[in-house]
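Both ligands and their constituent atoms are indexed starting at 1 by order of listing.
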Amino acid sequence: MRRKLIAGNWKMNGSMAALVELDAIATAATRSPGVDVAVAVPATLIAPATARAPTLAIGAQDVHHGDCGAHTGCVSAAMVREVGARFSLVGHSERRADQAESDAHVRDKATAARRAGLDVILCVGETSEERDAGRAEAVVTAQLAASLPDDAAGPWLSVAYEPIWAIGTGRTPTTADVAAMHGALRARLRDLLGVEAEAIRLLYGGSVNDANAGELLGAGDVDGALVGGASLTAAKFVPIIEAAARLG
Ligand code: 13P
């Protein structure tokens, strides 16, 4: 039985003042003991977020694939862990596009994060052109296979299916499409990992909000959500946590 995970991704948003939002999010998490709640904040906010909300799982949005060295401007997994991060996203489509991260690079980042003791949320997803061409499942399952870290296993690893065309657009796939994709991801994980596949959580991400969370979280093989815009305020994020709690 996989526990639901509701993870926020603040992207390049937030400030010291915005950390006040974590107070009500942490309270909602405490009130929903059956749900895991996490928030990936900008690297500069990891330490203050952890200090402000010590019961909440605070994480990074990216880590370097190396442990240390001459990489100006980069931050390692050990560095974010030292200041309180418990997990990191890797392979978000915005990084795959903006920083030209390949599947192999994402795999190395995920492996580095795990080596440093972080949980990992590995992101995959197709473009609208790939979906329209009927290639969504082939593209996404191939991304998964090529990005999986060494010794992949749950529950430290989660996979977030985030169709690129659904991110920040207010558009979502049908619940049938989400269930079909998650079923395909689970099947590929079973092929690759055998029984280890069962404990890996599959999250849906892309325009999740308080109105659609219940339905999306209830779809087959959906073990949680990765939430962007609606994670920036407690007013929008807490109802999503509560929707997950109602599903048990
Ligand atoms: P939105 O929830 O803003 O669509 O973003 C989804 C996302 O990219 C989370 O990583």
- [ ] Count the heavy atoms belonging to other residues, nucleotides or ligands that lie under 6.0 Å from CD of Glu198, then report whether that count exceeds 12.
- [x] yes
Task: Structural part of Ile167 in contact with ligand 1, heavy atom criterion under 4.0 angstrom - done: both
Open item on the list: Just checking Arg31: does its CZ atom have more than 12 heavy atoms from other residues, nucleotides or ligands closer to it than 6.0 angstrom?
Closed with: no
Open item on the list: Do the side chains of Arg114 and Asp150 get close enough for a salt bridge, i.e. N-O under 4.0 angstrom?
Closed with: no
TODO: Using a strict 4.0 Å cut-off to heavy atoms of Leu226, name the atoms of ligand 1 that fall inside it.
DONE: 9 (C), 10 (O)
Open item on the list: For atom 5 (O) of ligand 1, what is the closest protein heavy atom, and at what distance to 0.1 Å?
Closed with: Lys11 NZ, 3.3 Å
Open item on the list: I'd like to check which ligand 1 atoms, numbered from 1 as shown, lie under 4.0 Å from a non-hydrogen atom of Gly206.
Closed with: 4 (O), 6 (C)
- [ ] Just jot down the ligand 1 atoms closer than 4.0 angstrom to any heavy atom of Gly229, in number order.
- [x] 1 (P), 2 (O), 3 (O)
Open item on the list: Tell me whether the rings of His65 and His105 are parallel (<30°), tilted (30 to 60°) or perpendicular (>60°).
Closed with: perpendicular
TODO: Please confirm whether Val227 comes within less than 3.5 Å of ligand 1 when only nitrogen or oxygen atoms on both sides are compared.
DONE: no
TODO: For Asn9, counting its heavy atoms only, list the atoms of ligand 1 lying under 4.0 Å from any of them.
DONE: 9 (C), 10 (O)
TODO: Using a strict cut-off of less than 4.0 Å between a Lys/Arg side-chain nitrogen and an Asp/Glu carboxylate oxygen, indicate whether Arg96 and Asp103 qualify as a salt bridge.
DONE: yes
Open item on the list: Using a plain distance cutoff, I'd like to know if Ser207 has any nitrogen or oxygen under 3.5 Å from a nitrogen or oxygen of ligand 1.
Closed with: yes
- [ ] Could you tell me which atoms of ligand 1, counted from 1 in the order shown, lie closer than 4.0 angstrom to a heavy atom of Glu162?
- [x] 6 (C), 7 (C), 8 (O), 9 (C), 10 (O)
Task: Salt bridge flag under 4.0 Å for residues Asp210 and Lys236 - done: no
Task: Whether Gly205 lies under 4.0 Å from ligand 1, heavy atom - done: no
Task: ligand 1 N/O within reach of Gly228 N/O, cut-off under 3.5 Å - done: yes
- [ ] Report yes if Glu94 has an N/O atom closer than 3.5 Å to an N/O atom of ligand 1; otherwise report no.
- [x] no
